[in-house]
Amino acid sequence: ELLKTNKPLTLRPIRSFVHRQAGLSKERERALNTLLTAYGLPFKELLNLEQIFQRAAPITLEIGFGMGHNLLEQAQQYPEKNFLGIEVHRPGIAAVLLGIENLKLHNVKIIHADAWEVLNTCIPNKYLDTIQIFFPDPWPKRRHHKRRLIQLEFAKLLQTKLKTGGQLQLATDWQDYAEHMLSVLENTSGLKNQAGKNQFSPRLVQRPPTKFEKRGQLLGHPIWDLVFYSIK
């Protein structure tokens with residue numbers, strides 16, 4: 001059945017973020033205090049997004065949506081799809097809540113929690129059409145590489161949540177991380193590289209430029225896109 005899931009993994013989660021305290025404007029404080037109930041979702045139980053959105057539609061999950069530019073733009077561009085975003089940083093959560101309100105979007109929900117917890121607790125297996133992870137923290141220092149989100153066990157978890165044929169889309173402006181992600185995904189059972197083995201993908205047309213991408217380009221960093229799809 002749709003909402004059945006496998007037993008959650010018991011591995012210690014990779015914390016791919018650090019909490020940075022930042023002051024919020026009054027408007028963003030208002031958003032967190034008043035809009036999260038309307039546009040946010042709990043992360044203590046399996047989600048039935050068809051029921052939540054009151055329709056059956058392709059589901060895109062964005063992990064770590066930052067300030068939400070990609071999430072909001074795609075929700076506007078593809079009203080026939082449902083979007084779910086995961087983020088831990090309060091300024092980004094508030095910005096997206098305000099965006100949903102101002103744009104009067106009905107196809108976006110967000111969860112303020114860690115991606116490991118959400119995937120293990122809330123997302124049924126073989127449920128998502130697309131998972132997007134754009135410009136995750138590269139943790140460039142070698143001693144911090146273990147903090148990188150894209151590791152083999154996390155990739156395995158992502159694969160279990162994709163429908164057969166569902167896509168995993170990633171992008172980064174750090175070559176070392178790009179090569180690391182490519183290696184991890186090539187060695188993840190059930191995933192296949194859409195561009196061909198050990199190849200990076202052409203830039204995704206539907207991915208709007210993010211501030212991280214623009215910053216990377218100003219620094220002369222090429223952008224690497226990866227697109228894998230689930231084959232089982």
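These numbers come from the heavy atoms of this one structure, side chains and all, not from hydrogens, waters or symmetry mates.
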Taking the side chain as everything from C-beta on, heavy atoms only, tell me whether Leu84 gets closer than 4.5 Å to Leu128. no
Note, Tyr78 side chain near Phe83 side chain (heavy atom, < 4.5 Å): yes
Kindly give the heavy-atom pair with the smallest separation between Phe53 and Lys109, and that separation in Å. CZ-CG, 3.5 Å
Would a 4.5 Å heavy-atom cut-off, applied to side chains only, mark Tyr39 and Val96 as touching? no
Quick check: do His180 and Trp174 have side-chain heavy atoms less than 4.5 Å from each other? no
List for me each residue that meets salt bridge (Lys or Arg N to Asp or Glu O under 4.0 Å) alongside Arg30, sequence neighbours excluded, and say none if there are none. Glu27, Glu101
Does Tyr177 reach the main-chain N or O of Pro136 with its side chain, forming a donor-acceptor pair under 3.5 Å? no
Quick one, Asn125 and Lys161 - any side-chain contact, counting heavy atoms below 4.5 Å? yes
Flag the pair Asp129 and Lys163 as a salt bridge only when some basic side-chain nitrogen lies within less than 4.0 angstrom of an acidic carboxylate oxygen. yes
Establish, from distance only, whether the side-chain atoms of His145 and Arg142 form a donor-acceptor pair under 3.5 Å. no
Quick check on the hydrophobic clustering: are Leu103 and Leu97 connected, directly or via other members, by side-chain heavy-atom contacts under 4.5 Å? yes
If hydrophobic clusters are built by linking Ile, Leu, Val, Met, Phe, Trp and Tyr wherever their side-chain heavy atoms come under 4.5 Å apart, do Trp116 and Met181 end up in the same one? yes
Say whether Ile123 and Leu191 are linked into one hydrophobic cluster, either directly or through other cluster members, by side-chain heavy-atom distances under 4.5 angstrom. yes
Any side-chain to backbone donor/acceptor pair from Gln167 onto Thr130? Under 3.5 Å, distance only. no
Sub-4.5 Å side-chain heavy-atom contact between Asp225 and Pro202: no
Flag for Glu186-Asn193: side-chain donor and acceptor within less than 3.5 Å: yes
Considering residues, nucleotides and ligands other than Gln77, do more than 12 of their heavy atoms fall under 6.0 Å from its CD? yes
What pair of heavy atoms forms the shortest contact from Ala31 to Ala94, and how long is it? CB-O, 3.9 Å
Quick check against the 3.5 Å criterion: does Arg28 have a side-chain atom that pairs as donor or acceptor with the backbone of Ala95? no
So do Val108 and Phe65 actually touch side chain to side chain, heavy atoms under 4.5 Å? no
Taking a hydrophobic cluster as the set of Ile, Leu, Val, Met, Phe, Trp and Tyr residues connected by side-chain heavy atoms closer than 4.5 Å, whether directly or through intermediates, do Ile52 and Leu119 fall within one such cluster? yes
Strictly distance-based, threshold 3.5 Å: is any side-chain N or O of Tyr127 a donor or acceptor partner for the main-chain N or O of Leu49? yes
Which pair of heavy atoms, one from Ala113 and one from Val88, lies closest together, and at what distance? O-CG1, 3.3 Å
Write down the atom of Glu50, the atom of Ile59, and the distance for their closest heavy-atom approach. OE2-CD1, 4.3 Å
Out of curiosity, does Tyr229 fall in the hydrophobic cluster containing Leu185 (side-chain heavy atoms, cut-off under 4.5 Å, transitive links)? no
If the test is side-chain contact (heavy atoms from CB on, under 4.5 Å), which one of Leu158, Leu162, Leu157 qualifies with Thr160? Leu157
Backbone N or O of Lys197 within a donor-acceptor pair of the Lys192 side chain at under 3.5 Å? no
Could you tell me whether Arg55 and Glu80 have a side-chain N and a carboxylate O separated by less than 4.0 Å? no
Are Asp173 and Leu219 packed together at the side-chain level, in the sense that at least one heavy-atom pair is separated by less than 4.5 angstrom? no
Is the closest side-chain donor-acceptor distance between Gln132 and Gln74 under 3.5 Å? yes
With distance as the sole criterion, is a donor-acceptor pair present between the side chains of Gln151 and Glu153 under 3.5 Å? no
